[in-house]
Asks: 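The structure is given below, and queries will be raised subsequently.
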Amino acid sequence: MTTKTFINKAFKALMHPNLILHFILGQLAPYILNDRMYIRMKYRLNLKRKCNLDAPKIFQEKLQWIKLNDRKPIYHQMVDKIEAKKFIADKIGEEYVIPMLGMWERFEDIDFDALPDRFILKCSFDSGSYYICKDKSKLNKEEIKKHLLVNWKHDYYCYSREWPYKGLKHRILAESLIADPKELKEYKFFCFNGIPKFYQSCLDRNNAIGGAILNFFDLQGNLLEVKDAEHSRESLEIAPIPTNLNKMIELSRVLSNGTYFLRVDFYEVNGQIYVGEFTFFENGGFCYFIPEKYNSIWGGLDKIANGLNFYNV
């Protein structure tokens with residue numbers, strides 16, 4: 001971060017007292033607080049309540065407990081967007097893997113001439129760093145680099161202490177653009193102790209103005225009256241029940257086996273299922289749902305172990 005950027009952020013925080021703690025936590029705390037202290041502070045700041053890490057009850061508290069207590073090495077592979085492809089292929093088959101067109105350790109090494117007219121670039125080590133190319137003739141490499149490498153100099157783990165991301169190798173990958181982003185339908189299955197319980201649909205995820213259209217459904221495809229408090233917008237548009245719903249449920253069970261909580265994301269394109277990614281901590285573990293009762297209901301679905309007796313299948 002440049003000195004000018006730091007000063008601008010500090011000035012903004014001073015002009016808005018409620019941002020001061022966010023500023024301190026974001027700029028200083030990652031380097032001076034251990035995981036437990038950092039999590040408790042960020043939880044209080046984001047959710048306006050204390051985090052009970054010793055006897056967690058609601059969904060968000062249990063996610064924080066999992067951060068601190070369940071650290072299987074395989075989780076590193078599952079969140080690395082390159083290594084995850086091998087995990088998926090080994091578990092359920094190569095046909096569910098989005099084709100990779102190339103990978104590089106530096107942006108400057110990307111051979112754009114060898115890429116097709118349409119593709120997507122992603123950083124392998126974080127969540128949300130990607131660039132969609134729908135017409136290679138209009139590429140602006142400097143703009144792509146600026147957009148794609150926002151987190152390049154940082155360990156993504158530091159932001160919310162999501163241990164699976166800690167120490168991942170920083171790489172860039174290119175994938176086939178399997179569908180027009182406006183038409184792409186994504187289905188995210190929430191799995192508790194290796195059992196899928198419900199799913200969330202995601203439409204128009206690249207809408208820069210209103211955000212994605214998110215809705216929750218039970219495993220029969222019935223709409224649930226619950227909303228993500230932060231990451232959804234009101235819309236009359238409801239995603240159709242996936243054609244391969246039962247297959248997605250089956251695959252979610254296989255892929256989440258041995259975890260306390262895992263969100264398994266699928267795309268469905270012309271009847272073909274692709275695995276998108278794995279998420280261990282919804283919104284970094286600082287998600288919140290309305291009506292409020294669902295935070296307790298979903299917390300009750302996650303059976304965590306006592307002490308260090310991890311759940312294993």
Side-chain angles (χ1 to χ4, degrees), residues 78-103 114-124 127-136 138-139 148 172-191 196 198-208 210-223 228 231-233 235-256 262-279:
M78 293 171 71
V79 299
D80 184 304
K81 289 180 174 59
I82 294 173
E83 302 301 327
K85 292 181 183 295
K86 184 178 186 303
F87 177 86
I88 295 164
D90 290 345
K91 287 287 185 180
I92 60 175
E94 188 75 33
E95 65 268 29
Y96 300 106
V97 177
I98 299 175
M100 187 167 70
L101 304 172
M103 64 176 179
L115 292 174
D117 190 51
R118 292 158 54 88
F119 58 87
I120 180 169
L121 292 176
K122 297 179 179 179
C123 286
S124 65
S127 178
S129 293
Y130 64 90
Y131 181 85
I132 296 172
C133 173
K134 293 187 284 186
D135 183 353
K136 193 169 67 170
K138 299 178 181 179
L139 283 183
L148 187 66
I172 301 167
L173 68 151
E175 288 181 346
S176 298
L177 195 59
I178 56 176
D180 188 301
K182 291 286 289 184
E183 304 299 326
L184 196 61
K185 297 177 178 62
E186 188 174 15
Y187 300 95
K188 309 178 180 201
F189 285 75
F190 287 60
C191 305
F198 54 88
Y199 71 91
Q200 180 188 55
S201 67
C202 180
L203 299 176
D204 203 12
R205 63 173 299 165
N206 295 301
N207 187 303
I213 302 170
L214 304 177
N215 286 291
F216 287 95
F217 301 82
D218 65 20
L219 295 185
Q220 288 71 50
N222 299 307
L223 183 66
D228 182 320
H231 294 103
S232 63
R233 77 178 197 254
S235 174
L236 296 176
E237 186 176 3
I238 304 294
I241 296 174
T243 303
N244 294 291
L245 176 58
N246 290 334
K247 187 65 175 179
M248 290 179 182
I249 293 171
E250 176 189 336
L251 296 177
S252 296
R253 189 182 296 269
V254 174
L255 292 167
S256 65
L262 185 69
R263 199 191 78 206
V264 183
D265 297 356
F266 297 102
Y267 298 110
E268 188 175 62
V269 181
N270 297 324
Q272 171 65 42
I273 299 173
Y274 296 99
V275 178
E277 64 179 8
F278 301 112
T279 297

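No experiment lies behind these values; they were computed from the predicted model shown.
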Asks: Quick one: CG on Leu223 to CG on Asp218, what's the gap to the nearest 0.5 Å?
Replies: 9.0 Å
Asks: Check this for me, if you would: do Lys85 and Glu175 make a salt bridge, where the nitrogen-to-carboxylate-oxygen distance has to be below 4.0 angstrom?
Replies: yes
Asks: Would you say the side-chain atoms of Asp117 pair up with the backbone N or O of Asp135, donor to acceptor, closer than 3.5 Å?
Replies: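 Not a single qualifying donor-acceptor pair exists.
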Asks: Within the 4.5 Å heavy-atom criterion, are Phe87 and Asp80 side-chain neighbours or not?
Replies: no
Asks: How far apart are the closest heavy atoms of Ser176 and Leu101, and which atoms are they?
Replies: OG-CD2, 3.6 Å
Asks: Hey, is the main chain of Glu95 close enough, under 3.5 Å, to the side chain of Gln272 for a donor-acceptor pair?
Replies: yes
Asks: Evaluate the side-chain proximity of Cys133 to Leu139: yes if any heavy-atom separation is below 4.5 Å, no if none is.
Replies: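 Yes, close enough: below the 4.5 Å cut-off.
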Asks: Apply side chain to side chain donor-acceptor pair (under 3.5 Å) to residues Gln200 and Asn215 and explain how you reach the verdict.
Replies: CA-CA 5 Å; Gln200 180 188 55; Asn215 286 291; over 6 Å; no
Asks: Which residues satisfy the side chain to side chain contact (heavy atoms under 4.5 Å, CB included) test with Asn270, sequence neighbours excluded?
Replies: none
Asks: Output yes when Glu83 and Lys86 qualify as a salt bridge under the 4.0 Å nitrogen-oxygen rule, no when they do not.
Replies: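 No, this pair does not count.
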Asks: Between atom OH of Tyr96 and atom CG of Leu255, what is the distance when rounded to the nearest 0.5 Å?
Replies: 10.0 Å
Asks: Decide yes or no on ring-ring contact (aromatic ring centres under 6.0 Å, His included) for Tyr187 and Phe266, but give the supporting numbers first.
Replies: CA-CA 5 Å; Tyr187 300 95; Phe266 297 102; 8.9 Å; no
Asks: Contact between Ile98 and Tyr267 at the side-chain level, heavy atoms closer than 4.5 Å - yes or no?
Replies: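 Side chain of Ile98 against side chain of Tyr267, heavy atoms only: contact under 4.5 Å found.
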Asks: Taking all heavy atoms of Val264 and all of Ser252, pick out the closest pair and write down the distance.
Replies: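 In this case the closest contact between Val264 and Ser252 is CB-OG, 4.2 Å.
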Asks: Please check if the side chain of Asn244 supplies one atom and the backbone of Met248 the other of a donor-acceptor pair under 3.5 Å.
Replies: no
Asks: Using side-chain heavy atoms (C-beta onward) and a distance below 4.5 Å, is Ile92 in contact with Val275?
Replies: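 Counting from C-beta outward, Ile92 and Val275 do come under 4.5 Å.
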Asks: Test of understanding: with ring-ring contact (aromatic ring centres under 6.0 Å, His included), list the residues that count as partners of Tyr274, not counting sequence neighbours.
Replies: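 ring-ring contact (aromatic ring centres under 6.0 Å, His included) check on Tyr274 returns nothing, list empty.
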Asks: Check whether any side-chain heavy atom of Arg118 sits under 4.5 Å from a side-chain heavy atom of Lys134, and report yes or no.
Replies: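 Yes, at least one pair of side-chain atoms sits under 4.5 Å.
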Asks: Enter the distance from Cys202:SG to Glu186:CD here, rounded to the nearest 0.5 Å.
Replies: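 Answer for the SG-CD pair, Cys202 versus Glu186, is 5.0 Å.
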Asks: Do the non-hydrogen side-chain atoms of Phe278 and Asp265 ever get within less than 4.5 Å of each other?
Replies: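 Side chain of Phe278 against side chain of Asp265, heavy atoms only: no contact under 4.5 Å found.
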Asks: Can you confirm whether more than 12 heavy atoms, excluding those of Lys136, are under 6.0 Å from its NZ atom?
Replies: yes
Asks: With a 4.5 Å heavy-atom cut-off, do Arg253 and Cys191 have their side chains touching?
Replies: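 The answer is no, as the side chains (C-beta and beyond) never meet within the 4.5 Å cut-off.
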Asks: Nearest 0.5 angstrom please: Lys122 NZ to Ile132 CD1, how far?
Replies: 9.0 Å
Asks: Indicate the atoms forming the closest heavy-atom contact of Cys123 with Leu173, along with that distance.
Replies: C-CD2, 4.2 Å
Asks: Once the angle between the rings of Phe217 and Tyr199 is folded into 0 to 90°, is it parallel (under 30°), tilted (30 to 60°) or perpendicular (over 60°)?
Replies: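 Taking Tyr199 first and then Phe217, their aromatic rings lie parallel (interplane angle under 30°).
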Asks: Looking at every heavy atom in both Glu277 and Ser127, which two are closest together, and how far apart are they?
Replies: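 Minimum heavy-atom contact is OE2-OG, 4.5 Å.
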Asks: Between Lys185 and Glu268, is a side chain to side chain contact (heavy atoms under 4.5 Å, CB included) present by the stated rule, with each step listed?
Replies: CA-CA 6 Å; Lys185 297 177 178 62; Glu268 188 175 62; 5.7 Å; no
Asks: Quick one: closest heavy-atom pair of Leu148 and Leu121, and the distance?
Replies: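 Looking at all heavy atoms of both residues, the shortest contact is CD1-O, 3.8 Å.
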Asks: For Ile273 and Lys247, which heavy atoms make the closest approach, and how far apart are they?
Replies: CD1-CG, 3.7 Å
Asks: Drop me the distance from Leu245's CG to Leu219's CG, to the nearest 0.5 angstrom.
Replies: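 Rounded to the nearest 0.5 Å, the CG-CG separation comes out at 7.0 Å.
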